[in-house]
Amino acid sequence: MKEMANGMHRILGEGAFEYLAKAQALEREGKQVLHFEIGQPDFPTPEHIKESAYDSIRDNFTGYVAATGILELKEAIQEEIDYTRGFTPDLDQILILPGAKPGIFFTMLGLVNPGEEIIYPDPGFPTYGSVVKYLNAGDVPIALKEENEFRLNPEDIESKITSKTKLIILNSPQNPTGSVMTQREIDRIAELAEKHEIYILSDEIYSKMLYDAEFNSPSVRDESKERTIILDGFSKSYSMTGWRLGYLVGPKPVIEKMGLLMINALSCTTSFVQKAGITALKGDQEPLFEMMRQFRIRRDAIVKGLNSIPNFSCLTPEGAFYTFPNIKKTDMTSRDVADHLLYEAGVCCLPGSSFGPSGEGYIRFSYATSVEIINEAVQKIKESFS
Ligand SMILES: Cc1ncc(COP(=O)(O)O)c(C=O)c1O
């Protein structure tokens, strides 16, 4: 067989899917596994959102729609951005996508030439580093430090900016650490991007999933007209991971070209899923608030539990639904600890190294599960080390 394209030798997979497959193999052998690997809320999609999709299908709203998204959803996103970020983007600053992930891929593909540099958090969402490598772009991961509660430090970014820097990727609240950046930090990075004329992709998929910290977006500075591209979506906040619905808000010329990527790659985002998205944004928000009340209880339980395990220590995350305990005192690699927990304790989590080299020494738990399971997992982990 002929060789595939060069980029295909550089693109990477995701640790979450690798560990899910390992856990499922154990389950097929009849073993019990407690799941903490996949980043997906365990709550069902709220009824009123499902109802609106059923209605749209019954009304035969099942054909192709505008490539950049249906007008009513874009209008709902205008209101949403005004309410949450304090400005109203124009309709042609908005692109509706099947999930948030294509927004990362399209933005990186659309803005960065081979050799131009991309700054992104390490540990971070694996797609960033994978697409950097796929594009043969300059790979500039910035280590998140536990001393700084895993928040990106603007000085670290400043020291890595060169004439080739094209894009900075921010993610707050953050996957995998649950950290939330302060307004000062976000402002400072937005200022640096402005000074050096660098695009920012602000991955705000967890914007509604905060405990006590407040949400900040770099987009307020330029109202997404010049350099800031907001990425947000429905997967996490509305328990809609399988529906595939997300969006970008960015400068008009950028969004226009991304619309062409949409036409060529996907034609449009599923029509009736977009209708459900309108209901999600404009309908009752109580299911989201209730989910966050539950996540807070679980967060407190898992942080307390993990901190009671010898050689584990764990900060309290401010957002999302992940904890990132330090396991350096076990003297094992994060992959060895994750494998040990899976095979000896029946607890599936992810090695920190699957989120980038600076994730070594940590493991990630997605606490999208009940307090009972959390407590059982903590007990089993303790026993596996004794
Ligand atoms: C930081 C971050 N960005 C983007 C995504 C992708 O979201 P979606 O499922 O809507 O594509 C995820 C999902 O885990 C994520 O953690």
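When a ligand or atom number is given, it counts from 1 through the structure's own listing order.
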Quiz item: Run the ring-ring contact (aromatic ring centres under 6.0 Å, His included) check on Phe61 and Phe272 step by step: do they pass?
Solution: CA-CA 6 Å; Phe61 193 67; Phe272 50 86; 8.4 Å; no
Quiz item: What do the steps show when you test Ser179 against Glu149 for side-chain hydrogen bond (donor to acceptor under 3.5 Å, both in side chains), and what is the final call?
Solution: CA-CA 7 Å; Ser179 69; Glu149 293 163 337; over 6 Å; no
Practice problem: Give the intermediate values and the outcome of side-chain hydrogen bond (donor to acceptor under 3.5 Å, both in side chains) for residues Tyr19 and Asp339. | Solution: CA-CA 9 Å; Tyr19 272 81; Asp339 285 343; 2.8 Å; yes
Between ligand 1 and the protein, which N/O pairs are shorter than 3.5 Å?
{"from": "ligand 1", "atom 1": "3 (N)", "to": "Asp203", "atom 2": "OD1", "distance (Å)": "3.4"}
{"from": "ligand 1", "atom 1": "3 (N)", "to": "Asp203", "atom 2": "OD2", "distance (Å)": "2.6"}
{"from": "ligand 1", "atom 1": "9 (O)", "to": "Ser235", "atom 2": "OG", "distance (Å)": "3.3"}
{"from": "ligand 1", "atom 1": "9 (O)", "to": "Arg244", "atom 2": "NH1", "distance (Å)": "3.0"}
{"from": "ligand 1", "atom 1": "10 (O)", "to": "Ala100", "atom 2": "N", "distance (Å)": "2.9"}
{"from": "ligand 1", "atom 1": "10 (O)", "to": "Ser235", "atom 2": "OG", "distance (Å)": "2.6"}
{"from": "ligand 1", "atom 1": "11 (O)", "to": "Ala100", "atom 2": "N", "distance (Å)": "3.1"}
{"from": "ligand 1", "atom 1": "11 (O)", "to": "Lys101", "atom 2": "N", "distance (Å)": "2.8"}
{"from": "ligand 1", "atom 1": "11 (O)", "to": "Arg244", "atom 2": "NH2", "distance (Å)": "2.7"}
{"from": "ligand 1", "atom 1": "14 (O)", "to": "Lys236", "atom 2": "NZ", "distance (Å)": "2.6"}
{"from": "ligand 1", "atom 1": "16 (O)", "to": "Asn175", "atom 2": "ND2", "distance (Å)": "2.8"}
{"from": "ligand 1", "atom 1": "16 (O)", "to": "Tyr206", "atom 2": "OH", "distance (Å)": "2.7"}

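More than 12 heavy atoms of other shown residues, nucleotides or ligands fall within 6.0 angstrom of atom OH in Tyr247. Crowding of Arg184 atom CZ: a count of heavy atoms from other residues, nucleotides or ligands under 6.0 Å not exceeding 12. No more than 12 heavy-atom neighbours from other residues, nucleotides or ligands sit within 6.0 angstrom of OH on Tyr134.
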